[in-house]
Amino acid sequence: MKKQKIQCIVIDQDVEVTALLDAALRRSNVLLELKQVASLAQLIPVLQELQPHLLFCPHEKSAPSLELLETLQRYSPDTLLVWISRDEWQGLTTWLMGVESCILPLNDVDYFGQYIDFLLRYSTIKQDFRNCKHLLGVAELRCHWLVDYSWEAIAYISQGMHLYANNAYVTLFGFESMAEVRSMPVVQLAEAAERKAFEAMSKAADVGNKPSNRLLITLRTLEGERMRAEIRFIPAVLKGKRCTQLHVRPLERNILKGVSLRKQDNPWEASELRLQTASAPPPPMQPAAPAVAVANTADTASGSGMKMAFHKLQRVSEQLPTLYVAEPEFRQKSQTLDYAALVKQLVTPASRFRLDYWNLGQVVLKLSAQGSEKPSYLVFVSVGGSILNNETDLKRMIELLNTAPAAAKRIVLALHYRDCMEQLQPFSKVVKLCKAVGVRLAIDGLPDEAQALRFVQAVKPVLVRIDPAKIQRLQAFVAELVEHKCKVIIPGIQDKTALKAAYASAAAYVQGGQ
């Protein structure tokens, strides 16, 4: 590094002291510049301009020492403060503010000269170290900028954990946020059979100072897709701390579809339930007598039996996606029982779950059967509250949704507000699981209450279907929900007056009444 001139400042010294100090400095045979200031007020702009190596001050006038230390700490913390005394001595001391100081005896000429020589060399080293830190910071900043704008997938890692990743890396592995990146151990992205080699190279990179060799390895995205890739570990610095850059270059994609890595949110994702399970109808439901007996769901030739019906909702804005409500219907001869009528006749929560499970299975089958088609509509499916207090029911529902991830992303799963409030703790678990399988969440039967607004603000559902029977101020309540970024469905529209009022509000969808 280029040799720099050492800047020295003297505060308010008399002529004799200044002459002795100047002579000692000149004898050191070091390139330096000596500047004198009369007071602390004059010192501040000099500190800002020069960032001096040494500051000399008479020890007799040390009463404002705290103020002087604060000034140095603020404007030039690497400057060495040297008190000049007649016969007192004190070695270098680091104060709480990080400023180093010492006291030199002027009467001991030999010692004074030796210590001045030591301080000049020490301050030079300190100045060089300061410049090195600055240059390292500049290099780190530029390196970080290049990583962010690189097309190559790059992550900063340390001790097996992610510290940071660029957009290419986040997109490649399917992370949803930087928080999810930091929570994922790096080794989990490697195929199980190749993790030992990956860990060995990662640990060697933590202590090495040279880029590693390239390694061909099989990696997995968070959705379970396997890919053959070339990786390399390169030493790096992030926020002043040593770490390693992991460079990933995909070579072959879509090798096989495996299990999703998001197990921390969904403990059942490892199950490989066949899609045919969804198509199997639940055991026949037993409505309360004297209700109509439920026919076999396969009895479609005569137009009787259980069927899943799609009801299209009216969009208030054409920019919104098309939305259908999927509901089961039971038909026998000329009689039809809609979803609401069926729910009223079900005796137990288990019966309600069998009905909802069958309906959800029909939706999954219908969406999965479309194959390569990419229709833009979403499907609104209601489920009862049994999944909130029955672990088995919840597990079966998640397994069903996991059979068809593409279909699950187009399903809006609706839970009734009353059920959610009665089971708040398990509801939070259901929210996490729905997010893990890609299902959108909706709240049904929302009343016009302050508590309901706070609930919506905390949960952030994508859709809310209000309860018309419990709404006193339609437009104001809908406007408050929209402020919380919730799209609102207004059901029960039976006449033109109600339809006009619904369109005058900020609602997203309108649903006809029964």
Side-chain angles (χ1 to χ4, degrees), residues 268 273 277-298 305-311 324-332 335-366 379-401 408 411-427 429-431 433-434 437 439-447 461 463-465 467 469-470 489 491-492 511 514:
W268 300 304
L273 187 67
T277 305
S279 62
M285 295 171 295
Q286 300 297 329
V292 180
V294 177
N296 192 304
T297 56
M306 191 71 69
K307 294 183 178 181
M308 186 269 294
F310 269 18
H311 303 288
Y324 287 87
V325 174
E327 294 181 342
E329 293 180 354
F330 174 71
R331 298 178 183 177
Q332 189 175 36
Q335 186 176 9
T336 299
L337 293 179
D338 62 13
Y339 183 52
L342 288 171
V343 169
K344 288 180 181 179
Q345 296 191 57
L346 298 177
V347 180
T348 64
S351 300
R352 168 70 187 273
F353 175 74
R354 288 200 298 271
L355 176 66
D356 291 336
Y357 183 83
W358 177 86
N359 185 49
L360 183 61
Q362 297 303 304
V363 173
V364 170
L365 282 174
K366 182 176 180 64
V379 183
F380 186 98
V381 184
S382 295
V383 291
S386 67
I387 62 172
L388 298 174
N389 52 31
N390 189 313
E391 195 80 8
T392 302
D393 291 349
L394 179 59
K395 178 179 178 179
R396 290 185 62 196
M397 188 190 74
I398 296 299
E399 287 176 340
L400 172 61
L401 294 169
I411 294 175
V412 181
L413 204 66
L415 284 162
H416 200 280
Y417 171 74
R418 180 188 62 253
D419 296 330
C420 298
M421 294 303 295
E422 291 174 356
Q423 303 285 339
L424 279 176
Q425 186 171 357
F427 172 71
K429 179 179 180 180
V430 173
V431 173
L433 292 175
C434 288
V437 296
V439 173
R440 306 162 201 249
L441 184 67
I443 303 299
D444 202 0
L446 194 74
L463 279 172
V464 168
R465 185 160 65 177
D467 186 350
K470 298 180 180 180
I489 302 172
Q511 182 179 6
Q514 301 295 329

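What you see is a predicted model; the values in this text were computed from it and never measured. Count residues from 1 along the sequence.
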task = Please examine the side chains of Asp393 and Tyr357, heavy atoms only from C-beta on, and report whether any two atoms are closer than 4.5 Å.
result = no
Residue pair Ala442 / Pro461: nearest heavy atoms and the distance that separates them = CA-CB, 4.1 Å
note = Distance col, row Trp358:CH2 vs Leu400:CG, nearest 0.5 angstrom, shows 13.0 Å
Separation of Leu388 CG from Leu424 CG (nearest 0.5 Å) = 9.5 Å
query = Hey, are the side chains of Phe330 and Leu355 touching, using non-hydrogen atoms and a 4.5 Å cut-off?
reply = no
task = Determine the sole option in Met397, Gln423, Arg396 for which the side-chain contact (heavy atoms from CB on, under 4.5 Å) test with Ile387 is passed.
result = Met397
request  = Calculate, to the nearest 0.5 Å, the distance between atoms CG and OG belonging to Asn359 and Ser382 respectively.
outcome  = 8.5 Å
task = Of all the heavy-atom pairs spanning Tyr417 and Gly445, show the shortest one and how long it is.
result = CB-O, 3.8 Å
task = Could you pull out the closest heavy-atom pair between Gly384 and Asp419, with the gap in Å?
result = C-OD2, 4.3 Å
inquiry  = I need the minimum non-hydrogen distance between Val364 and Ile411, along with the two atoms involved.
reply    = CG2-CD1, 4.0 Å
key: For the student: nearest non-hydrogen atoms of Ala326 and Val363, plus distance   = CB-CG2, 3.5 Å
key: From Glu327 atom CD to Phe380 atom CZ, the distance as rounded to the nearest 0.5 Å   = 9.0 Å
inquiry  = To the nearest 0.5 Å, what is the distance between CG on Asp467 and NE2 on His416?
reply    = 6.0 Å
key: Distance, nearest 0.5 Å, that separates CG of Asp338 from NE2 of His311   = 8.0 Å
ask   = Does the side chain of Asn390 reach to within under 4.5 Å of the side chain of Phe353, using non-hydrogen atoms?
value = no
request  = Determine whether Lys429 and Glu391 make a side-chain contact, defined as any pair of heavy atoms from C-beta on separated by less than 4.5 Å.
outcome  = yes
